2 protein chains.
Amino acid sequence: MTERPATPSSQDNPLVRKLSAFVRLSPNDVEVVAGMFRRRRNFAMGVELIHQGQVGQSAFVLASGWACSYKLLSGGTRQIVDFQVPGDFLGLRSVLFRTSDHNVEAVTTIQASEVTQRDLLAAFTETPRLATAVLWAASRDEAMVVEHLVNLGRRSASERMAHFLLELGARLRLVGMGNSTGFACPLSQYLLADALGLSAVHVNRVLRELREDGLVTFRRGRVEFRNYDALVDFASFDRAYLDHDGPLLS
Amino acid sequence: MTERPATPSSQDNPLVRKLSAFVRLSPNDVEVVAGMFRRRRNFAMGVELIHQGQVGQSAFVLASGWACSYKLLSGGTRQIVDFQVPGDFLGLRSVLFRTSDHNVEAVTTIQASEVTQRDLLAAFTETPRLATAVLWAASRDEAMVVEHLVNLGRRSASERMAHFLLELGARLRLVGMGNSTGFACPLSQYLLADALGLSAVHVNRVLRELREDGLVTFRRGRVEFRNYDALVDFASFDRAYLDHDGPLLS
DNA sequence: CGAGAATTTGATTTCCATCAACGCCTGTGG
DNA sequence: CCACAGGCGTTGATGGAAATCAAATTCTCG
């Protein structure tokens with residue numbers, strides 16, 4: 001996926017960059033964050049990092065690759081709640097609560113840094129501003145989940161797909177992994193189906209429809225926006241909703 | 001709705017009680033929280049407390065009555081994201097971000113305490129543990145939104161309804177506003193429709209189906225569980241997912 | 001008592017899931 | 001080098017769930 005130096009400096013650190021968007025972190029804060037980010041581990045594609053129902057789980061910060069969080073239903077189906085890209089937390093709720101309420105799985109091979117419950121809570125008491133920053137990051141995640149919920153509740157299959165691809169594109173642009181032309185996307189149609197609450201067959205049909213209408217194409221792991229403005233219009237996508245620019249707390 | 005003394009003491013305070021479930025608050029912490037909770041305002045049924053797209057909004061803490069948060073779509077439809085009951089935050093994200101990404105409306109007449117952005121961020125810097133506690137509360141809200149999302153994505157209309165009523169019942173029981181028999185519920189079928197991503201007509205049919213199957217009834221503002229176990233089974237409701245008992249941080 | 005809102009029921013249509021089959025591509029072992 | 005197995009993508013046919021349209025009934029409250 002992305003190329004990063006093996007030894008991360010505090011400058012070049014997805015989490016530091018992300019949190020700095022909200023609070024101005026002191027050098028000491030940055031040090032604490034970077035410390036949490038140090039011990040990286042590799043996980044193969046398909047590995048489960050967090051298990052629903054398990055107690056005392058750690059969280060992770062994703063350094064490279066894609067992951068997804070999902071819930072399993074009794075019928076054997078699953079609902080993907082969100083995809084995570086570099087800089088995102090994996091399983092933050094599973095350390096704030098005693099037992100995890102969702103699963104997290106590696107979509108590609110990934111690099112992630114483990115953060116134990118003890119370390120995180122300790123960091124919060126020693127570095128108060130950090131808790132506020134993480135609250136902000138968690139709220140940003142919640143905003144995305146809310147948008148996803150609206151998508152499932154009130155949009156047709158093709159609008160859902162269009163909106164989803166636009167949102168993903170916007171998120172990836174923020175971390176330098178895409179532009180208004182398109183982005184590399186390792187998701188299968190089965191994953192898209194589980195995220196959008198559709199059947200895989202219908203995902204295929206919807207993608208064809210969007211392609212034939214000249215809006216987006218999704219082929220061999222790449223999303224290409226063919227007519228960005230028309231797509232935004234079709235999906236009634238709010239361009240602004242991810243722009244939370246500039247530290248609120250300085 | 002609930003009967004509470006006009007002058008709230010720090011003992012009897014929905015927010016203090018809620019946050020205490022996660023962190024052991026010092027007397028000083030309690031004082032700060034209670035301070036935020038002091039200036040109560042009344043709002044009539046149907047009033048909008050938070051406006052999507054507006055800048056520099058305050059948040060509120062709900063003292064009595066019901067509210068709902070929702071998003072408007074271009075087609076004129078709306079999706080209700082969640083309902084709020086006493087002790088819940090209203091529009092927390094709208095103070096952490098510059099501009100609010102959702103609306104909040106009073107479902108009944110309500111009492112709520114305003115919390116300005118400045119006061120909240122100041123409280124976080126002065127009272128570090130409070131930020132962690134609020135992070136926990138926000139994560140709990142997110143868990144509910146996630147459950148709602150799964151509901152919309154992967155369950156049939158009647159399962160959705162069953163699950164929704166069970167979840168609402170569980171939440172209300174936590175604040176002493178219901179039991180396993182049922183609860184008072186001021187929601188119209190239109191509100192249910194907007195929350196569950198259904199048409200109001202279909203909500204009515206689904207309620208009839210559940211009633212005729214002897215599972216739940218919903219009549220004249222009251223939900224009655226007729227066969228709780230069967231309903232839990234039908235909705236594949238996870239009884240445990242709201243039980244986040246005991247302070248994690250003491 | 002009357003008016004407007006909320007609920008209820010019926011008829012029809014649309015969207016999407018499901019079932020089934022086939023083609024394509026990749027990797028693997030004979 | 002070829003055969004072939006398995007995953008993924010593609011397309012068609014059919015049925016079911018829920019939206020929509022339309023109208024009647026009940027509830028609420030001034």
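What you are looking at is a predicted structure, and each value in this text was computed from that prediction instead of being measured. Residue numbers start from 1 in every chain, and the chains themselves are labelled A, B, ... in the order their sequence lines are given, proteins ahead of strands.
Going from atom CG of B:L152 over to atom C1' of D:dA18 covers 14 Å, rounded to whole Å. The distance between atom CZ of B:R220 and atom C1' of C:dA5, rounded to the nearest whole Å, is 16 Å. Taking atom NE2 on B:H202 and atom P on C:dT9, their separation rounds to 14 Å, with Å as the unit. Rounded to a whole Å, the CG atom of B:L210 is 16 Å from the C1' atom of C:dT8. Between the CZ atom of B:R154 and the P atom of D:dA18 there is a distance of 14 Å, rounded to whole Å. Counting to the nearest Å, the C1' atom of C:dC15 and the CG atom of A:L196 are 16 Å from each other. In this structure, CE of B:M161 is placed 11 Å from P of D:dA18, rounded to the nearest angstrom. Across the protein-nucleic acid pair, A:Y190 atom OH and C:dT18 atom P stand 13 Å apart, rounded to whole Å.
Contact annotation: B:N204 reaches the phosphate of C:dT8 (side-chain N/O to OP1 or OP2, under 4.0 Å). Taking side-chain N and O atoms only, A:R219 has no distance below 4.0 Å to OP1 or OP2 of C:dC24. At the phosphate of D:dT10, OP1 or OP2 sits under 4.0 Å from a side-chain N or O atom of A:Q189. Under 4.0 angstrom from either OP1 or OP2 of D:dT11 there lies at least one side-chain N or O belonging to A:R208.
Note on A:S199: a base of the nucleic acid sits closer than 4.0 angstrom, heavy atoms only. Here A:L207 lies out of heavy-atom contact (under 4.0 Å) with every strand. Note on A:G197: only backbone sugar-phosphate atoms sit closer than 4.0 angstrom, heavy atoms only; bases stay farther off. Within the nucleic acid shown, A:R160 has no heavy atom closer than 4.0 Å to any nucleic acid atom.
When each of D:dT10, C:dC16, D:dA19 is scored by its nearest atom to the side-chain atoms of A:L198, the top-ranked nucleotide is C:dC16. The side chain of B:R211 lies closest to C:dT8 when the candidates are C:dT8, D:dT11, D:dC8. For B:S188, the side-chain atoms get nearest to C:dT7 when compared with the rest of C:dA17, D:dC27, C:dT7.
In this model, no donor atom of one side chain and acceptor atom of the other lie less than 3.5 Å apart for B:E167 and B:H148. In summary, the side chains of B:E159 and B:S156 do present a donor paired with an acceptor at a separation below 3.5 Å, with no hydrogens or angles considered.
Side-chain to base pairing of A:R205 with D:dG12: one donor and one acceptor N or O lie within less than 3.5 Å of each other.
Atom CZ of A:F218 is separated from atom CD of A:Q189 by 7.0 Å, given to the nearest 0.5 angstrom.
Using a 4.5 Å heavy-atom cutoff, the side chains of A:M144 and A:D141 are in contact.
Annotation for B:A67 and B:V107: closest pair C-CG2, 3.7 Å, computed over non-hydrogen atoms.
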